[in-house]
Structure formats: C-alpha cells, structure tokens
Amino acid sequence: MAERVRSVKGMRDLLPPETAIWAAVEDVARRIFASYGYGEVRTPILEDTELFVRGVGEATDIVGKEMYTFTDRKGRSLTLRPESTAPVARAFVQHGLADQGLPVKLYYVGPQFRYERPQRGRYRQFNQIGAELIGDPGPASDAELLLMLVRFLEALDYTGLTVLLNTVGDDESRARYREALVAFLEPHREVLGEDSRRRLETNPLRILDTKSPAERELLADAPRLEGHLTAQSRTHFEAVGQALEVCGVRFRVEPRLVRGLDYYSRTVFEIVAEGLGAQDAIVGGGRYDGLIGDLGGADVPAIGFAIGEDRLLAALPESFRRAHAPVAPVHLVAAGDVEPSQLLELAERLRAEGLDLVTELGGRSVKAALKRADKSGSRWVLLAGEDELAAGELSLRDLDAGEQVRLGPDAAIAKIKGQS
RNA sequence: GUGAGUGUAGCUCAAUUGGUAGAGCGCUUGGUUGUGGUCCAAGUCGUUGGGGGUUCAAGUCCCCUCACUCACCCCA
C-alpha cells in the first residue's frame with residue numbers, strides 16, 4: 001500500500017457532526033454582532049509581510065518567530081496572517097472607510113496561522129471570531145464591545161467565565177512606566193531569565209506576566225503601572241469599569257495583564273475558561289489607538305477582540321451542543337422492483353415540498369437501509385415499494401414508535417412536519 | 001525552540017520473565033426472497049508508526065527517525 005498523506009502538523013480536519021456545531025456557534029456570533037450594528041469583513045489570508053512587522057510589532061514573538069512567511073514567484077515577501085486586527089485595519093485605511101462616518105464596526109470569522117509547537121488548544125491553523133470598533137475613543141465603546149462579547153458567550157450557554165481587565169495606559173503613561181520599571185529591574189538583572197532580560201530592552205511590560213516564581217517575587221515590589229497613568233488614562237479606565245458594573249458585567253482587574261502585541265494601548269482584557277489546560281484564554285483583546293496611524297491612516301482610535309474559536313468549541317457547554325446537534329433527515333427507501341430514477345424523481349418532489357431526505361439507492365436490502373436509517377438517528381423512513389407506487393402512496397415508518405402507515409405523499413409530509 | 005510521555009485493526013484497548021498478534025465496538029452478510037433497534041451465526045479488519053541493531057526467537061530489549069500528546073514558551 002502506498003504511504004498515506006496526512007494533514008500538515010498542527011492543522012486538522014473538522015468533520016461532521018462537529019462542523020454543524022461550529023456553524024451553529026458562528027451563526028450565533030453573526031446574529032449577535034449584527035444586533036450591535038457590526039458588519040462582516042473578509043480579508044485575504046495572505047498579506048504583505050510588512051503589514052504584520054509594522055502592525056503587530058517587530059519585537060513580538062509572533063512576528064519574530066511564529067509567522068508562515070515565504071517569497072512568491074516575483075520575490076515578494078508574503079505572510080499567512082497570524083491575526084486579523086492588522087489586516088482589518090489595513091482594509092479600513094485602504095478603502096477609506098473613515099469617510100463613511102465613524103465609528104465603523106466590523107467582525108470577521110476565519111483561519112489564522114502561527115508556527116508554534118502544537119498542544120492542547122493550540123494549533124498552527126486556528127480559527128478566530130473577532131470584532132473591531134474603529135473610530136470612537138470613549139470608554140463607553142470599550143464597555144459596549146465587552147458587553148457584546150459577554151452576550152455572545154452567554155448565548156452559547158457559557159457560565160463560569162472570568163473577564164480579566166486592565167489598562168496599559170496611553171503612550172505617555174506607558175513611556176513613563178517603562179522607564180520606572182526598567183530602573184527597578186535593572187539592578188536585579190541576575191534574577192531575570194534569558195527571555196525577560198531580552199525584554200528589558202525590547203518590551204519591558206511583557207515581563208509583568210512572567211510565570212517564573214523568582215521573577216514574580218521580584219515584581220511584587222516593582223512599581224505599578226497604575227501609579228504612572230496619566231489622568232486621562234486613569235479616568236478612561238475607571239469609566240469602562242463603571243459602565244460594565246452598571247450593565248451587570250462581572251470582571252476582575254488584573255494588574256499583571258499585559259498583552260503580547262505591540263499595538264495595544266489603554267484598555268486590555270482577556271477571558272479565561274475552565275478545563276482547557278494551559279491554553280485557557282478563549283478571548284483576548286484591547287484598544288489599539290495608534291495602529292491605524294502606524295499603517296498610514298489618519299489618527300483613528302479603535303478597540304477589538306479575538307475569540308479563539310477552537311478553544312471556544314473545546315470548552316463549549318454541553319447544553320448548547322445538544323440543542324444544536326444536527327437533525328437526521330428522513331430516509332427514502334426503495335423496496336422491491338423500483339427503478340432508481342423513479343426513486344430520484346420522487347425524492348426531488350418531496351424535497352421541493354420542504355422535506356430533508358436521504359435516498360437509499362444502494363440496491364441493498366430494505367433491512368440494511370432501515371438499519372442505516374436507525375443508526376443515523378433519523379425518526380422517519382419513507383418506503384417506496386412497487387405496491388405503494390402503483391397506488392400513488394408511500395409507507396411511512398416511525399422508527400421511534402415502531403409504527404407504519406400507508407398514505408399519500410402530502411399526508412406523509414404533513415405527518416412528519418407535524419410531529420418532528 | 002526546550003523537556004517529558006505515548007505509538008498494536010476504522011475506534012477503545014489487551015498480549016506473563018522476549019516464545020503462534022487478540023478482544024470489544026464498528027463494518028458486511030445471513031437468520032426474515034419488502035422492515036431497524038435486542039438476540040444468534042458467519043465474514044471483514046494489522047507491514048505492531050518507519051528504519052536499523054541484539055537474539056535461535058522482538059509488539060516486548062537497544063539506537064535512530066517520524067507522528068501524536070502534555071508542559072515550558074507563546075497566545076486565541
């Protein structure tokens with residue numbers, strides 16, 4: 001036997017019936033996001049590498065070592081998108097969406113690619129459902145975006161999620177704090193690990209979310225970002241929290257929460273779920289007030305989030321799964337000497353009347369066909385035998401009740417629709 | 001990129017100190033020439049991930065390699 005070709009490492013197939021659940025989750029997202037005035041954007045999977053270098057940041061791990069980058073036939077450097085905020089921002093600038101009036105509200109659903117070692121909840125191709133609110137600097141926008149996110153998760157029957165909230169301040173706050181943090185850490189260089197020492201130069205704030213016990217101990221006495229916020233940043237953050245409280249959204253302020261993408265500013269957040277192992281963040285997001293300017297657009301503030309759809313599905317409540325399991329269609333079975341073409345024609349007429357059905361054309365026994373119908377979870381079987389067809393009728397078998405009646409096609413459809 | 005664990009049938013797993021590769025589920029057929037679930041019977045299913053080595057003999061021991069899993073890291 002020839003060697004089997006397998007899917008690429010870290011990339012997986014999604015098969016029925018699981019794909020039906022994915023579709024159901026995405027339907028909920030579309031419905032809820034639409035109810036907040038968001039429209040769908042679809043950007044290319046491939047972008048100019050420069051977009052991510054400038055947008056996500058050269059010093060980030062994503063850009064530094066996790067991108068699928070290659071040169072095309074003309075020598076251009078292209079990259080499989082590792083995230084979608086930068087592409088959406090690029091599209092916003094490229095198409096002059098600001099001229100339609102701000103804010104612009106967009107959402108997307110689709111695959112992202114990062115070259116990492118796969119493990120639970122982490123794939124090299126993974127799907128994100130994200131939303132971006134572009135063009136409103138106010139805290140009420142932060143709160144509304146979070147509200148929409150929470151409502152979405154509630155609609156999936158999620159409970160027991162923790163919303164972690166923090167602010168990384170505006171540029172000025174961050175510059176001040178950065179200086180203070182480096183000044184504090186510099187004398188303790190020897191306590192820091194290799195990564196943290198490198199970050200002391202490139203991105204000191206990232207050191208805050210270290211898991212190293214020694215570093216954590218050291219950081220306990222470190223200056224707080226909170227103490228270095230500009231009055232404006234502080235007011236903004238307080239207003240976000242207040243709005244969430246008014247709307248009944250529970251959250252926890254997590255001062256150590258900083259995010260790995262350079263474009264974040266002011267409000268940042270994360271939602272973690274239980275039972276997911278080490279990769280438990282199902283949502284991450286925050287403000288990116290400077291990104292659109294960095295990409296050559298006007299100075300337009302924005303905020304957004306990205307949901308890890310694979311993780312979302314991995315932790316999806318059973319109740320939602322049950323409610324959205326696909327319904328097995330009716331089976332139409334030929335019995336006796338019935339021409340396949342005759343059965344096809346009959347099936348088409350029934351489908352035209354709004355019946356979902358699968359045909360048993362295999363030329364196998366009625367017994368086998370019924371077995372398949374039963375295993376599929378279907379309740380109804382329509383038997384089209386010589387006798388029935390001659391009389392212009394069908395036998396409708398109710399597999400649950402074990403009952404069978406002969407009746408005309410319209411009556412059969414009515415009975416199925418009335419009882420399923 | 002680093003570390004650890006695991007690879008046996010489509011799936012879940014057995015196989016004693018190295019000694020004939022198995023079970024359940026699934027799938028196909030029959031018991032019912034046009035009737036499912038339960039039951040009974042038969043059939044189908046393997047280069048034991050791959051390569052090399054040790055041995056009379058390797059699923060089992062050793063080396064290499066690949067894949068998967070988990071953790072670090074990273075992040076969704």
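Because the structure is predicted, anything quoted here is derived from the model rather than measured. Scope of the values below: all heavy atoms of this structure, side chains included, with no hydrogens, waters or symmetry mates.
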- I would like to know whether A:Tyr107 and A:Phe33 meet ring-ring contact (aromatic ring centres under 6.0 Å, His included); could you show each step before the answer? CA-CA 7 Å; A:Tyr107 75 86; A:Phe33 296 172; 5.4 Å; yes
- So what's B:G18 paired with, Watson-Crick or G-U wobble, going by both distances under 3.5 Å? none
- Task: Verify the contact: side-chain N or O of A:Lys65 to OP1 or OP2 of B:G1, cut-off strictly under 4.0 Å; return yes or no.
- Result: no
- Message: Taking the C1' atom in each of B:U44 and B:C25, what is the distance between them to the nearest angstrom?
- Response: 14 Å
- Query: Is the distance from OP1 or OP2 of B:A71 to the nearest side-chain N or O of A:Gln119 less than 4.0 Å?
  - Reply: yes
- Item | Pair A:Arg176 + A:Asp170, salt bridge at N-O below 4.0 Å | no
- Message: Consider side-chain contact (heavy atoms from CB on, under 4.5 Å). Of A:Leu291, A:Ile292, A:Leu295, which one does A:Phe92 pass it with?
- Response: A:Ile292
- Watson-Crick or G-U wobble partner for B:G1, using a 3.5 Å limit on both distances? B:C72
- Does B:G36 have a Watson-Crick or wobble mate here (both distances under 3.5 Å), and if so which one? none
- Using 4.0 Å as the upper bound for N to carboxylate O, is an ion pair formed by A:Arg349 and A:Glu345? yes
- Please work out if A:Lys371 contacts a base, only the sugar-phosphate, or nothing of the nucleic acid, heavy-atom cut-off 4.0 Å. sugar-phosphate
- May I ask you to verify whether the side chain of A:Arg120 and the base of B:U69 hold a donor-acceptor pair under 3.5 Å? no
- Item | Partner nucleotide, any strand, of B:G24 [Watson-Crick/G-U, under 3.5 Å] | B:C11
- Message: Any N or O donor-acceptor pair under 3.5 Å from the base of B:C70 to the side chain of A:Arg122?
- Response: no
- Message: Under 4.0 Å, counting only non-hydrogen atoms across every strand here, what does A:Gln112 touch: a base, just sugar-phosphate, or nothing?
- Response: nothing
